[in-house]
Amino acid sequence: MKITLRNGLAIVGSVACAAWSTTAIAQSCTAFNEAPMLAANVASGALPPVADRLPAEPMVAPVAEQIGTYGGTMVDSTGGNRLAEFRHFGYEPLVRWSVDGGEVIPNVAKSWEVSDDATTYTFNLREGMKWSDGEDFTADDIVFWWENVETNLDIQSKPRGFFKVAGEAATVSKIDDYTVSFSWSKPHGLFLENLATPYGVRVVQFAEHFHSQFIKGLNPDGVAEMMAAAGAEDYTQWWTANVGSYGKQSEYNNPDRPSVHAWIPREPFLGKERFTFERNPYYFKTDAECNQLPYIDKREWVVTGDPEIQLAKSLTGEVDISRVNISTPANRSVFFDNMEQGNFRLIKADSADMNVANFQFPENHPDEFRASVYQNKDFRIGLSLAIDREELIDVIFLGQGEPYQVAPSPRSPFYSEALAKQYTEFDPETAAAHLDNVLPEKDGEGFRLRPNGERFTVVIAVNKDFKSDWVDMMELIKGYWDAVGVDTVIEVLSDATSVSRRGAPDNDIGLWLSENGAGRLPILRADEMLGGDKDLDWWKWHETKGAEGTEPPANVQRMLVLQDLIPTVVGEQQDAVVAEYIALLTDNFPRIGIALPSGNYRAVNNRLRNVPEPLMEGWLYPGISPANFSTFYIDPSK
Amino acid sequence: MSARIENASYGVLIWRRFKRHKLGVLGAFITGAIYFVAMFSEFLAPHGQGTYKARDVYAPPQFVRFMVEDQAGDRRFQLHVLGYKSSVDYDSGKRTFVPDPRKIIPLGFWVQGDPYKFWGLVKMDRHLFGPVNSRDRVYFFGADRLGRDVYSRTIHATRVSMTIGLVGVSLSLILGITIGGLSGYFGGFADLGIQRVIEILQSIPSIPLWIGLAAAIPPTAPPLQTYFLITVILSIIGWTGLARVVRGRFMALKDEDFIKSARLDGNKPVRIIGRHMVPNFLSHIIAVVTLAIPGMIIAETSLSFLGIGLRQPVVSWGVLLQEAQNLKSISTAPWLFLPGLAVVIAVLALNFLGDGLRDAGDPYES
Amino acid sequence: MARFLLRRLSLMLLTVFAITVISFFIIVLPPGDFVDRLVLEANQYGEVFEQHEIDDLRRSYGLDRSAVEQYLIWMRNILFRGDFGYSFGWDVPVADLIGQRLGLTALLSIVTLLFIWTVAIPIGIYSAVKKYSLGDYVATFVGFIGLAIPNFLLALVLLYFSFRYMGQSVGGLFSPEYVNAPWSFARVLDLISHLWIPTIVLGTAGTAEVIRKIRANLLDELHRPYVLTARAKGLPETRMLLKYPVRHSLNPFVSDLNDLFVKIISGETIVAVVLGLQTTGPLLLQALKEEDLYLASSLIMFLSFLAVLGTLFSDLCLMALDPRIRRQANEGDLM
């Protein structure tokens, strides 16, 4: 990892803190405290005492404000059948992101070793850690998952991409009961980071003692019986509906299914409009004062699809944390007006995104003239300089944010001021000059023309169901681009019509998200800064090593090579590759960004404490679940 | 009295009966006024429908004032509004607008403003009433989230909303009379088949039908084409009701003596239908049609609410209401709902007009 | 009579069958399926599906087969196993979902219907009796104002009013503490306190039609000779009104009852979406948007079936009330 003075200190500091708190717990906890809710069961013998339920070395979770008190119910809203909702049920992967997303820290695994050549990752699990049904969590469970779920052709045709290096799937071996290793013949430069993303959570979600009964290969008769009872004919369909892998809500629906999360369901909840999870008595974390987490006894979810209803539920104080899709700058005034009546406060939320939006140029557009224009850097520079970002930020984002290009965020170790700030000034004259180099001819109304005399028109498609403020943003940008002679047409799509347009080869300039800018996230999806899928021909050439597609220019070739290289190297070598990649990006300027996302917030009920500020939104950093929900507590006095 | 009835013509009789229905007369006037606005919308609106000023996002409505006071303290008559001093407070999420007594925006008649093409033909830039200085902007109904003038947009939307009703209803009428007439006149298997189709169409819930049909509209279609296709969608549901009514009337009239004699006379079916049957229930049809228009207007707003109706750059009341349909508008910018008032007035006016027409429809009824 | 019933029932089955085909193909025809929508939505928050995951998903939902094949499987499951299929979006069988929501939908519709009658019939009668008076105009105006205000607008305004100034909970017909609670007097009160918004919004939209009909029918009746006779004989006005003309004018009303009911059921979708109610309307809307094939098709089929059944029912009612129509049916003239 790149050691600058600033983040060097940060790393040393956080490592020291982690070490301090971990050693503190190992030395000073002679007895543990548990929630009163469990006391009766422990007294009657239904549950073992807390010291036996926790692993020998529990994970110590840091608290945002202070040590909390047990009890209470936290109410949340879920969109019901949205795929992303599962992350709100809990975030307990093998290794996880720190709260600020800057580094990967232990979770289920208490520590790990990486071989010098980065071909083998060995994880040390926690001795004595148990599933929610009291059975031990061991390396067997991870090996079981790998052999019977992830690589099981009956269930899915391939393992997820990051489990493979150069096409070779990992070798997962049990070293002993509490040690497991992943190895390949070539180095893997991003394995830990990928494990911390939502895609890595699956590793610790399948208990061998419970799930073996559902594996066709291990229990053919039993499975056949169960399938017949459900009237299912296809094993994959039945597995998806009843057992569920990554992201399916059915994964959490069976209360008998063992889990390592802080709260677990006590009855099936799918299809209900309101349901409750209760605390997991075997949860493996404590706070720094030997109290077993979570503090909160129950979590309740209410299903609401309509955004205005979600908003209203936050305003009335029914829901404790507002949803991200309604916590927009536009709605801030409504929240503010209802703060007293709803008894909530507004907490700042950062975004892990690189940019509020970015423009992608189809440099391999079938129309050759158009492709040549988009490949010309002057065109992109001109368009970028023509945008009055300050005005846009003022109108659309309530004045929050700064002009920014598609680049890692300021606090990321990969931040580059040049890449982030170039061409963000509002300078229509210079813009026009650059554009004159590409499309010098203009018609009577000042619009630039193709060589054949027709207007050169760009068509930007915006999905209004996705982000309605993008439609407004495009209205403003259309004005800016029209002013420098580029005829711009906005095409408003809906969810329904977006589907039919995806991947169409003649799609024009695209407006899309620009994510993964914080912390180490930029290198997890390095292709986002360059943009691969729009330039199909070039990418195809690179993938097939020249057999198909068109050969890209040398600098683009080099960037594609570097993109592939990043996940295969570690340490200083990785840093050097990333630095070269960013330098080339700065030079080539393939995408236009608009502004650094800012001004996000969440409305949090005043009774809910230990909520870190700022929170962080994101996907590969699955905001806001890494905020240590298990350390939240309810203070009834507020 | 009876002599007057017997000697007066059909049209005069209807007019006399209509006049008695005061609400109907009121409805007729208002409807006429609305269609007038629809015809001359570009001229009547102070601004174009899409022009905006980014600094005026969510500006509250401005009231017309009459007297200006200059430095000497003299007061004189000058129609004007006061400009705003605005600032953004991020914490409360609000933009505050304070009327600034020093920013006087004079208003006048026959002023120069945003250019437009009158009915798509003649280039003009004169507006009936608006800011004297063409760079100024005035917000009688306030501004929306992009800084566009709600009053101007409402006026422009009048044209689309009122004509969608007309076009849609005409289509329904043609379909309804043709199909209903065929069904009622010929009876037998044709009637059976058509009745089944009507029953199927009426049994399917309207929303899935709308969404299904709307999915067939290509997203790249030019706004005018989208507009036309939407009216087709609306009329596809509407014609069934009309067809049933027509069919019922046809079946009733079929057995009347004068129709039988017309047939015996050797008249062709088309002539019988057109010359003898249709005039008999024409007044009823007119009433039903007039009453169907407001239904179309409301249906158009519903389509926009569902997200499958018209969209920018076409502006209709439905589009405006859909943009206003959120809690933020209610709590911080309620003027965005003023197009709803236009809908209410239009729908009420048309309903009263239709009721009046229907009441006046049969002058020979005692 | 039996022949009439038999003929109608067989026609009804034909209609319902045609409707199942139409409803299935309305959903299948637009390009893209549920998995495409899922992937699109996932992309919107940053998730990237690998191609094999998309193929796996499609296979697990049975969407990799042809449309005709899917339809036949669906029909076969309904007819032979009573299984309406699986909702991709909710991960539960369709029948469970619909069953849960039917109760509230029926309740809302019935309450709305009662509201409409209670408000519209008196206004209609008054309007007819005092024709062209000021009272007539005011009453008509009041009755029509609900029709003129778009439903979604009124619903949102009332919703805001109810939680901002009345402190009510939003997003359902029950407050949070009563959602899963057993029935009690308090729960009924809670239900009523939430029902008022959708009832008023839907009800006011429906009153105009009913007022018009009652007024028109009553006006027709009032001109009949028997009314003149009754008046001449000295029968007090109100008694005379209620005893004869009003009852007769309600006759054609019965035949349109079915229409009104269907209108309420389809109108409740928009109101329920705005208010966040757990009725069948929003369920269908969401299923359509997501191309949740079996849920949407089953719901459409179900609602259409109800509508067709309603037509038959109202025809039967008419026959029971009016001997002329009974005769027509027996002679095969009534279709």
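Just so we're on the same page: letters track the sequence lines, and every chain starts at 1. Computed over heavy atoms, backbone and side chain alike; hydrogens, waters and symmetry mates excluded.
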Item to check | Heavy-atom proximity to chain B below 4.5 Å, by part of C:Val16 | outcome: neither
Checklist entry - Considering all heavy atoms of both residues, which atom of B:Phe352 and which atom of B:Gly27 are nearest to each other, and what is their separation? => result CB-CA, 4.4 Å
Checklist entry - Side chain, backbone, both or neither: which part of B:Ser331 has a non-hydrogen atom closer than 4.5 Å to chain C? => result both
Less than 3.5 Å apart, which donor and acceptor atoms pair up between the side chains of residues 23-30 of chain C and the rest of the protein, not counting sequence neighbours?
| from | atom 1 | to | atom 2 | distance (Å) |
| --- | --- | --- | --- | --- |
| C:Ser23 | OG | C:Ile19 | O | 2.9 |
| C:Ser23 | OG | C:Thr20 | O | 3.0 |

Checklist outcome for this item: If you tally heavy-atom pairs under 4.5 Å between each of C:Tyr160, C:Phe144, C:Phe152 and chain B, the highest tally belongs to C:Phe152
Checklist entry - Which pair of non-hydrogen atoms, one from C:Pro150 and one from B:Leu321, has the smallest distance, and what is that distance? => result CG-CD1, 3.9 Å
Checklist entry - With a 4.5 angstrom heavy-atom cut-off, which part of C:Leu288 approaches chain B: side chain, backbone, both or neither? => result side chain
Checklist entry - More than 12 heavy atoms of other residues, nucleotides or ligands under 6.0 Å from OH of C:Tyr71: is that the case? => result yes
Next on the checklist: For C:Leu284, which atoms come within 4.5 Å of any heavy atom of chain B: side chain, backbone, both, or neither?
Outcome noted: side chain
Next on the checklist: I want to check something: taking the side chain as every heavy atom from C-beta on, are B:Val150 and B:Pro339 in contact at a cut-off of under 4.5 Å?
Outcome noted: yes
Next on the checklist: Please classify the contact between C:Phe163 and chain B as side chain, backbone, both or neither, with a heavy-atom cut-off of under 4.5 Å.
Outcome noted: side chain
Next on the checklist: Need one label for B:Asp355: side chain, backbone, both or neither, based on atoms under 4.5 Å from any heavy atom in chain C.
Outcome noted: side chain
Checklist outcome for this item: Okay, B:Ile308 and chain C: the region with an atom under 4.5 Å from a heavy atom over there is neither
Next on the checklist: I'd like to know which of B:Leu327, B:Ile298, B:Ile330 tops the heavy-atom pair count under 4.5 Å against chain C.
Outcome noted: B:Ile330
Item to check | Region of B:Pro208 in contact with chain C, defined by heavy-atom distances below 4.5 Å | outcome: both
Next on the checklist: Just so I understand: if I count every heavy-atom pair under 4.5 Å between each of C:Leu159, C:Thr269, C:Val308 and chain B, which residue has the most?
Outcome noted: C:Val308
Item to check | Heavy-atom side-chain proximity of C:Pro198 to C:Glu268 below 4.5 angstrom | outcome: no
Item to check | Distance-minimising heavy-atom pair for B:Gln325 and C:Val274 | outcome: NE2-CG2, 3.8 Å
Item to check | Selection from B:Val197, B:Val347, B:Ile200 maximising heavy-atom pairs under 4.5 Å formed with chain C | outcome: B:Ile200
Item to check | From CG (B:Asp144) to CZ (B:Arg153), nearest 0.5 Å | outcome: 5.5 Å
